[in-house]
Amino acid sequence: MSKPDPPVKRIETPLTRGFALITLTILAEWSSWLRNKLATLSGFYILRNMNLDDFPTTYPAPRASDSAANKDAQAVVNVPRRTGLKNSPYLSYRDFHEAYRSRKITPLTIAERLLSRLKDAQSHTPPLNHVNQCHHDDFLEQARESTRRYAEDRWLSELDGVPVLVKDEVDVKGYESRMGTRFMNKDNPAKEDATTVSRLRAKGALIVGKTVMNEVGWDVFSINPITGTPRNPFNPNHSCGGSSGGSAGAVAAGLVPISIGSDSGGSVRIPSSFCGLYGLKPTLGRMPGKGTAAIGPTNCTQGPLACSVDDLAIAYVTMGGPDETVRRTGTSYRHHAHLSYQSPRFTSRFSRRLLQDLNSQNQPPPTLHDMSLTGSLADLHIGIYRAWNAQICDPVIGSHMKALEQSLRARGATIVDIVIPDLETTRLAHITSLCSEACAYLKTFPRRDLVQLTFPNRLTMAISHTLTYMDYYRSLQIRTRTVARVRELFHPTNGASGVDLVLTPATAITAPAFQPRDLVYGVSNLSLSSDAMRYVFLANFAGLPALSAPIGFDDKGLPIGAQFMAEWWDEATLLRMARVCEELFESGVEAEKRKPSVWLGDLL
């Protein structure tokens, strides 16, 4: 009897690096036969041969009125304090705020110490490469203003004076949004903050600078020969994940408690898992997209990475919500199957930044409702797709997932075995839509710029060029089916009880090691990328909120993460589960491993 196919297949393509990578890239750029062969191996052409009559869904975020989540919940925006002993080496935003209020230290002193730590990070062997832009004078001036506010007892919020880093993809006034490239926005600094950044700044947060990312966000290991590759503080010879690798590495090393990332294919959750952090990918449309690149507009959203659940929560409620800068005059929404879509609007062809994010308008208010209800989980049904969760590459991940399931049962949660049909087709549709949108974005740049991309991304772009309008259209038809099936999980049409959450590993692997030459030329390893992305694509493609939380370590001392997915707009339940995981983790035998081998966090 033949063994059934796994829910999600592993991509099997040649691993190429060094001279072989350079040669393959150049040949693929010139040979249509080779491009088509590589695209076939990657599964790019499977969807075009499917016979589908579904209407396409472009933007997979329901209207607020269509979602049961948060309907009856009071909009709670204050982070409830944790009870019990804190067992973490990391400084939370509350630690900074209380130190400032008590006059133990000032934001200016913290800023000066942090600049020294950034220098130490680059003096480390090897350099940590988490931060690629920091305007010292601007950072110190922000800190002076915060210090004056505390001296006069007029701080703006508990975030006043708290240092925050921002992914290179997101606009910060005065900084170039390079997206990890040599050419994007070169000598063209942002004239204003992205909406999410301006909201943090309005609360007094100190914007330290920009973090290293995978070039244009393609791939999930942040190997970037241009900017330097961010190193994992738990083992500097291993990856931070990506594409928000610098954002994760900086928080894990203790430099800042919060950083901003973005996630179109796990780019917040994968680095959070690899670096032992809490990472939230909100519902698509929850975070205003103004001031970001529209490189994957129907899959991508900004999201915070943080050292603790409290830090994650305060970043979420501060950054999220409708974009109040949107001009409503003359705008309209189109709906299909209760889904809305608005085309991204750009400031100009040359800056290629989102001018407005109309999709952020149609949402319930962000809330932290019930976040502190961690003692009993009797009201929650948690779905587990056993065959999918079994597709891990290291048995120790499975052991930690089993222990987590038992702990959730002990707190009263009902565990429900579920099946999610056609996950492999969903994975193919996600990667097809993502590569189509990214390729369309990159094609707006002249060839003299595109030849400056690293070899792995030139190869990916050459393969993506083979995708046609039919491939993209088929992916949107599959999205309609995917959204319907996910909705059925939460609200079954047969009258049965649905699930509140879906639990999976965050990744099928822990942080992989680098090969030295990969840091010079890059590497194309789609098989390993598919291992990292095995559990993340569904939330991106269906627009669901999802969260990664640390639950332990492997035999090499590298972090392991679990992922929870919830119904659209129900980030509050995710944060509640993250706090449960935090309580379990910090009270467990592995809590002492939380401090990484490279530590720069003694700022107070």
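Predicted model, so just to flag it, every value in this text is computed and none were measured.
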**Report entry** Charged N-O contact under 4.0 Å between Arg148 and Glu141
**Finding:** yes

Report task. For the residue pair Val166 and Gln302, establish whether any side-chain heavy-atom pair is separated by less than 4.5 Å. Result -> no

Query raised in the report: Between the side chain of His238 and the main-chain N/O of Ala511, is any donor-acceptor distance below 3.5 Å?
Result: yes

Requested in this report: Examine distances only and state if a side-chain atom of Glu158 and a backbone atom of Tyr93 form a donor-acceptor pair shorter than 3.5 Å.
Outcome: no

**Report entry** Distance-only side-chain donor-acceptor flag, Gln122 / Asn129, under 3.5 Å
**Finding:** yes

Report task. Tell me yes or no: between the side chains of Asp310 and Ser92, is some donor less than 3.5 Å from an acceptor? Result -> no

Query raised in the report: Can a donor-acceptor pair be found between the side chains of Thr292 and Glu169 at a distance below 3.5 Å?
Result: no

**Report entry** Ionic contact status for Lys290 with Glu192, cut-off 4.0 Å
**Finding:** yes

Query raised in the report: Rounded to the nearest 0.5 Å, what separation is found between the CE atom of Met461 and the CG atom of Leu453?
Result: 7.0 Å

Requested in this report: Please work out whether the ring planes of Tyr150 and Trp155 are parallel, tilted or perpendicular, with thresholds of 30° and 60°.
Outcome: parallel

Report task. Check for a donor-acceptor pair, side chain of Asp219 on one end and backbone N or O of Phe221 on the other, with a separation under 3.5 Å. Result -> no

Requested in this report: Indicate whether any N or O donor in one side chain lies under 3.5 Å from an N or O acceptor in the other, for Ser273 and Ser548.
Outcome: no

Requested in this report: Would you check if Ser222 and Cys240 make a side-chain contact, meaning some heavy-atom pair closer than 4.5 Å?
Outcome: no

Query raised in the report: Where the side chain of Arg269 meets the backbone of Val536, is there a donor-acceptor pair that is under 3.5 Å apart?
Result: yes

Query raised in the report: Any chance the side chains of Arg178 and Thr227 put a donor and an acceptor closer than 3.5 Å?
Result: no

Query raised in the report: With respect to Thr301, which candidate in Pro282, Ser262, Ser267, Ser264 satisfies the side chain to side chain contact (heavy atoms under 4.5 Å, CB included) definition?
Result: Pro282

Query raised in the report: Should the heavy atoms of other residues, nucleotides or ligands under 6.0 Å from CZ of Phe514 be counted, would the total exceed 12?
Result: yes

Report summary line: d(Leu434 CG, Ser475 OG) to nearest 0.5 Å is 10.0 Å

Query raised in the report: Hey, does the side chain of Arg201 reach the backbone of Asp193 with a donor-acceptor pair shorter than 3.5 angstrom?
Result: no

Query raised in the report: Taking the inter-plane angle between the rings of Tyr441 and Phe445 on a 0 to 90° scale, is it parallel (under 30°), tilted (30 to 60°) or perpendicular (over 60°)?
Result: perpendicular

Query raised in the report: Just by distance, with hydrogens left out, do Glu437 and Thr298 show a side-chain donor and acceptor under 3.5 Å apart?
Result: yes

**Report entry** Side-chain (Ser146) to main-chain (Gln142) donor-acceptor, under 3.5 angstrom
**Finding:** no

Requested in this report: Check whether any side-chain heavy atom of Cys134 sits under 4.5 Å from a side-chain heavy atom of Leu115, and report yes or no.
Outcome: yes

Query - Whether Thr147 side chain and Leu108 backbone form a donor-acceptor pair below 3.5 Å - result: yes

Query raised in the report: Is there side-chain contact between Pro271 and Phe274, with at least one heavy-atom pair below 4.5 Å?
Result: no

Requested in this report: Output yes when a side-chain donor or acceptor of Asn540 lies under 3.5 Å from a complementary backbone atom of Asp263, and no otherwise.
Outcome: yes

Query raised in the report: Checking His97 side chain against Leu159 main chain: does a donor-acceptor pair fall under 3.5 Å?
Result: no

Report task. Return yes if some donor-acceptor pair links the side-chain N/O of Arg286 with the main-chain N/O of Pro364 below 3.5 Å, else return no. Result -> yes

**Report entry** Under-4.0 Å salt bridge between Lys210 and Asp168
**Finding:** yes

Query - Donor + acceptor pair across side chains of Asp471, Thr432 (<3.5 Å) - result: no

Query raised in the report: Hey, mind stepping through Met184 and Ser177 against side chain to side chain contact (heavy atoms under 4.5 Å, CB included) and telling me if it holds?
Result: CA-CA 7 Å; Met184 287 189 183; Ser177 296; over 6 Å; no

